Structures are given as structure tokens and as C-alpha cells.
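In what follows, a single structure is set out as C-alpha cells and then discussed.
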Amino acid sequence: MKGYAENVRHEQRKIVANMVFLHSTERTGKILKSLTEEDEAISPEILAGLSPYRLSNINRFGGYILDINRPVSPINFNLKIL
């Protein structure tokens, strides 16, 4: 796990970017799934236009405070939207 415990700025930025990307994708998936359960139409064209970086709370170049002690719900990697 070289790079994770070291104070290497570019490696830390990659890790944070990956965490933000994963969080945004997972949250978007949950929201889309709840919309389909409410009989909202979600088309492939709508999905093609989504990006995790377009969310208002995401700032790829900003600072983030990470609470590593906060409980995290499990990610459902098998979530089907369409």
C-alpha cells in the first residue's frame, strides 16, 4: 500500500477524488432507484447526461473534511436502475 500512508500530495488527491467519485455515484444510484420505484421515467438518455462532478456539493479542487469514524452504510454494487 505504498503511497497511502505517505505524505505524497498527488497520491492523496487521487484517493480523495476516487472517494468523492464513489460517494457521488452511489448516492446518485440510490436517488435514481427511488425515482424509478415512484414510477418516474428514467431513460438511457437521461443517465448518459449524468456526471458525479456536476453535483453542487462536489468541488474537485476544494478541501474536504473526512470523518473516518462516521458509520458508513454498505454499498449495493448490484443496484439496477434500468
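As the structure is a computational prediction, the values presented were derived from the model and not from experiment.
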Could you list the donor-acceptor pairs under 3.5 angstrom formed between side-chain atoms of residues 29-36 and any protein atom two or more places apart in sequence or on another chain?
from	atom 1	to	atom 2	distance (Å)
Lys30	NZ	Glu26	OE2	3.1
Lys33	NZ	Lys80	O	3.2
Ser34	OG	Ile31	O	2.7
Thr36	OG1	Lys33	O	2.7

Closest non-hydrogen contact found for Ile42 with Ile46 is CA-CD1, 4.4 Å
dist Leu79:CG -> Thr25:OG1 (nearest 0.5 Å) comes out at 12.0 Å
So CZ of Arg9 and CD of Gln12: to nearest 0.5 Å the spacing works out to 6.5 Å
